[in-house]
There are 2 protein chains.
Amino acid sequence: MAQRVKLSTIAEALGLSTATVSLALRDSPLVADVTRDRIKDAARELGYIYNRRAASLRTSRSGIVGVCVHDVMNPFYGEILKSIESELDRHRQTFILCNHHDDLSKQRSFIDTLLQLGADGLILSPALGTPAADIRLAEENDLPVILIARTIEGAGVRGFRGDDAYGMGLAVDHLVELGHRSIAMIGGTRATSTGREREAGYLDGLKRAGIEFRPHWRIEGPRERLSGFESAGAFLAIDTPPTAIVCFSDLVALGLMYGLSRGGVRPGVDVAIVGYDDIEEAAIATPPLTTVSNGQSEVGERAASALLERLQGTEAAEHTTLIEPSLKVRLSCGAKSSG
Amino acid sequence: MAQRVKLSTIAEALGLSTATVSLALRDSPLVADVTRDRIKDAARELGYIYNRRAASLRTSRSGIVGVCVHDVMNPFYGEILKSIESELDRHRQTFILCNHHDDLSKQRSFIDTLLQLGADGLILSPALGTPAADIRLAEENDLPVILIARTIEGAGVRGFRGDDAYGMGLAVDHLVELGHRSIAMIGGTRATSTGREREAGYLDGLKRAGIEFRPHWRIEGPRERLSGFESAGAFLAIDTPPTAIVCFSDLVALGLMYGLSRGGVRPGVDVAIVGYDDIEEAAIATPPLTTVSNGQSEVGERAASALLERLQGTEAAEHTTLIEPSLKVRLSCGAKSSG
DNA sequence: CTGAAAGCGCTTACAG
DNA sequence: CTGAAAGCGCTTACAG
C-alpha cells in the first residue's frame, strides 16, 4: 500500500495546519464551517484512518471498555452482554470481551492488557477466588471496575446482581405450595457468591416450610448443561429420591431433564424441576421449564450505565445493587407431590 | 493515584537511560544480565505498567487480533473460538471479540475500530451480504483478514470452513439408506455460503437417490433454536409430512425437536431428524441427535495459524480450505421409514 | 478562525 | 554494554 494517510497529509493537501484538521474532524466549533467541510471531504477522498493509539497517547482516553466473564458462550450472560453492548455502543465505546474460564491467571492477564491499552473501564464477573487486591490494583491504576453477577468482599467497588437468595426462596416456596416436602438442590459451588446465595436461599426456604434438610438432597458442583446431565445419575441413585429439584441454573436444569429422560424418569411428571435464570430456551424446552427470572438485562444495563457515569467523572461508590427476581411458572414443576 | 510510573521513572531511579531500560524489559541480549535484573526488580517494585499504545505507535505492531462472528453465544462458534483463543494466547496476541449479528454496519464499524487501533489481523465470519470490497479495504490498510465458516467470492483472502455440501450429502445418504424417500430440509438461507452449500448438498443427495424434490419439503429461514422450535408448526402443517428431516444446524434441530414434542410428535420415533455441527448438546439431547461433525476446532486452529503466519510475513494466499466433515449416528434418526 | 510548537511514552538507529 | 536524540501521529494550550 501507499504511504499511510495521516493528519499532516490532509493538512498539506489543503495548505492548513494539523491543528485545524484535528479540530475539524472532531467537529470543533472553533473551525469555520466551510473549512470543516473541505477537510472532511479531503479526509474521505484520501482514505484517512484515524490513529487512535496516537490520540489516546495524548489524551489518555482510549474509548475501550473490557468485559470479562466466565464464558461468553454461556447463555446466562446472553442478556447481560447484549444490554451492555447496546449501552456502550451508544456511547461510542469499543467493548472487548474476554473469557476467564474461572482461571485467575487468565483474568489477571486480561486486566493487565487493559491497563497496557489504557482501557477506560472494566465490567467484570470475577473468577472463582478473585482476591479484592486484584480489583484494587486495577482501580489504583485508573481502571474503574464494576462487578456483575458475582461480588467480592472488600473490593470496594460498585456491583450489580440478582438477589439470588431471595430468588431461590421463591422457587422453594412454590414447590412447597405444590405440596412437596422433599426437595433436592443440584449444582453450584460455595466458591462463588452466586453459589452461596442460591444455596442459602434454598436452605432458608426449607426452614420456612419447617422441612428438615437432608444432606443427600444437596448435589453440589454442576454449573453447566453437561454436568447437569451427568448429575441425573447421582440423583436417581438416592435411596428415596426427592419429589422435586431446584437447580443452580437453567443450563443445569435442562441438562438434568435430558439425563432424567434418558433414565426413564419424566421431568414435570415423575419429578418437579425448577431452574434459575430464565434463558430463552427455558420457555420452549420439553417440558417448558419453571424458573426464576433474574433481571439480567437490568444487570447489564445498570452496570454499563454505572461505568459510563464514572467515566464522566462521578465518584466511585462501593455498594452492591440487588435486582429483584421473579418466578416464571411453567410445566416442569407440574409433578404431583407424592410424599 | 500517584504519578504514573514510566520507563523514564525507572531509568532515573537507577541512573540509566530509557533506552537501556526498554531493551532490558524486553530481554534484549544487548543488556548485561546484572543490569537487566536490577531493572526488572525496580520495574516490579515501582509497579510499572507497560504502555502499549506508546510502543505500538512506534513499532506499528499492536498485538491485537480481532475476531468477529455472527454471535459469540451461538455454540456453533464454541469450538472454533476456543481453538482460536488458545492458538492466539500462545503467541501472546490479545484477541478482541465482536458480534456483528449479520448487520453490515456493525461489522464495518468493528473493522474501522481495528484499523484505528492498528490491529494486527482479523478473523472473520462475514455478515450476510458482505461485499468483497469491505475485505479489500481492510487488506489495503494492512489489516490481514482470514475468513471462517463463510466465504466471499472475489475477496482474495484465505478461508477455512467445513465442506458443507459434502457433509449435508452424508446426512441425506444415511437417511436414504434407512429407507426414507421423503426428506425435508429445515433452516438456512441462500444469503450465506453455508446456507447455499448445505442446501446444494441436500438437493444433490436427493438426486443421487433418484428422489424427486418437492418444494414444500424445503422450509427456509431458521438458523437458531427458537426459530427451529417455531418451524415445527410449519412442518406439521404439510399435507403428508416427510418421514425425515435434515436441519441446517444442531440448534435448529434441537429447537425443532422441542417443537415436535410439544406437538405430540416423537423425534426419532415418528420422524427421523439429523442436525449439523455436532455441538456438545447433541450427544445428550432427548433423543441423542444424529448430526454431522464439522471439524470446527480444526477450522479455528488453522485459521489462527494462517493468520499468525501472515503476521510472520508470509504472503497472502486466496484459496479456501475445506475441512472434511463426518457423520455421527445417534438415535434421532432411528425412525422407521414409512414410505 | 488558524498556526507553530510541545509533548504523550515508547523504540530504534546511531555513537561511543 | 550504555546513552543521546529523533520520531511514531495525534491533541492542546498558547499566540496571533
Side-chain angles (χ1 to χ4, degrees), chain A residues 1-40 42-43 46-64 113 115-120 141-142, chain B residues 1-40 42-43 46-64 113 115-120 141-142:
Chain A
M1 59 172 287
Q3 193 60 29
R4 200 165 197 109
V5 178
K6 46 194 176 180
L7 277 192
S8 63
T9 318
I10 303 175
E12 277 167 28
L14 298 177
L16 291 166
S17 73
T18 58
T20 305
V21 175
S22 169
L23 292 169
L25 291 177
R26 284 171 298 138
D27 289 316
S28 161
L30 290 175
V31 180
D33 287 2
V34 209
T35 317
R36 177 171 28 73
D37 292 347
R38 279 177 60 212
I39 291 176
K40 290 201 165 182
L46 293 168
Y48 172 65
I49 288 171
Y50 180 67
N51 187 325
R52 233 146 106 160
R53 293 169 289 182
S56 104
L57 184 55
R58 189 58 229 260
T59 62
S60 67
R61 257 312 193 81
S62 65
I64 292 175
T113 301
L115 290 170
Q116 295 181 1
L117 291 173
D120 296 337
N141 286 287
D142 285 335
Chain B
M1 62 170 290
Q3 193 59 27
R4 201 166 196 109
V5 177
K6 47 194 175 180
L7 277 191
S8 62
T9 318
I10 303 175
E12 277 166 29
L14 299 177
L16 292 167
S17 73
T18 59
T20 305
V21 175
S22 169
L23 292 169
L25 290 178
R26 283 170 300 138
D27 289 316
S28 161
L30 290 174
V31 180
D33 289 2
V34 210
T35 317
R36 177 173 25 74
D37 292 347
R38 277 177 62 212
I39 291 176
K40 290 201 165 183
L46 294 168
Y48 172 65
I49 288 171
Y50 180 66
N51 187 326
R52 235 148 106 158
R53 293 168 289 181
S56 105
L57 184 56
R58 188 58 230 259
T59 61
S60 67
R61 259 312 193 79
S62 65
I64 292 176
T113 300
L115 290 171
Q116 295 182 0
L117 291 174
D120 297 337
N141 286 288
D142 285 337

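In what follows, every chain begins at residue 1, and chains take the letters A, B, ... in the order their sequences are listed. Only heavy atoms go into these numbers, but all of them, side chains included; no hydrogens, no water, no symmetry mates.
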- Message: Quick check against the 3.5 Å criterion: does B:S62 have a side-chain atom that pairs as donor or acceptor with the backbone of B:G118?
- Response: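 Indeed, once roles are kept as given, a pair shorter than 3.5 Å links the two residues.
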- Item | Flag, side chain of B:T59 to backbone of B:A55, donor-acceptor distance under 3.5 Å |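 Indeed, once roles are kept as given, a pair shorter than 3.5 Å links the two residues.
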- Take A:K40 and A:D27 through the side-chain contact (heavy atoms from CB on, under 4.5 Å) test and state the conclusion after the steps. CA-CA 10 Å; A:K40 290 201 165 182; A:D27 289 316; 2.8 Å; yes
Any side-chain heavy atom of [X] sitting closer than 4.5 Å to one from [Y]?
| X | Y | value |
| --- | --- | --- |
| A:L14 | A:V21 | no |
| A:T9 | A:R4 | no |
| B:L117 | A:L117 | no |
| A:Y50 | A:L25 | no |

- Indicate, with a heavy-atom threshold strictly under 4.0 Å, whether A:G118 touches base, sugar-phosphate, or nothing.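 A:G118: no heavy atom of the nucleic acid under 4.0 Å.
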Rounded to the nearest Å, what distance is computed from the [atom1] atom of residue [X] to the [atom2] atom of nucleotide [N]?
| X | N | atom1 | atom2 | result |
| --- | --- | --- | --- | --- |
| B:L30 | D:dG3 | CG | P | 13 Å |
| A:D142 | C:dG9 | CG | P | 12 Å |
| A:E12 | C:dG3 | CD | C1' | 14 Å |

- Could you tell me the separation between the CG atom of A:L115 and the CD1 atom of B:I49, rounded to the nearest 0.5 Å?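 Rounded to the nearest 0.5 Å, the CG-CD1 separation comes out at 4.5 Å.
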- Task: On DNA chain D, check which nucleotide each of B:T20 and B:L57 is closest to and give me the residue with the more 5' one.
- Result: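 In this pair, the answer is B:T20.
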- Item | Partners meeting side-chain contact (heavy atoms from CB on, under 4.5 Å) with A:A54 (sequence neighbours left out) |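 A:A54 satisfies side-chain contact (heavy atoms from CB on, under 4.5 Å) with A:N51, B:L57 once adjacent residues are dropped.
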- Can you list the residues that meet the side-chain contact (heavy atoms from CB on, under 4.5 Å) rule with B:T35, with sequence neighbours excluded?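 B:T35 satisfies side-chain contact (heavy atoms from CB on, under 4.5 Å) with B:L16, B:T20, B:V31, B:A32, B:I39 only.
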- Only stems of 3 or more consecutive Watson-Crick or G-U pairs count here, both distances under 3.5 Å; name the ones for DNA chain C, or none.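 DNA chain C forms these stems: C:1-3 with D:14-16, C:5-12 with D:5-12, C:14-16 with D:1-3.
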- How does protein contact run along nucleotides 10-16 of chain C, one letter per nucleotide 5' to 3', with B for base contact, S for sugar-phosphate only, - for none, heavy atoms under 4.0 Å? BBB----
- Message: I'd like to check the side-chain hydrogen bond (donor to acceptor under 3.5 Å, both in side chains) partners of B:R36; sequence neighbours left out, ordered by chain and number.
- Response: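 For B:R36, the residues satisfying side-chain hydrogen bond (donor to acceptor under 3.5 Å, both in side chains) (neighbours in sequence not counted) are B:D33.
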- Which ones in residues 31-40 of chain A lie close to DNA chain D, meaning a heavy atom under 4.0 Å from one of its atoms?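 Residues of residues 31-40 of chain A that come under 4.0 Å of DNA chain D do not exist, since none gets that close.
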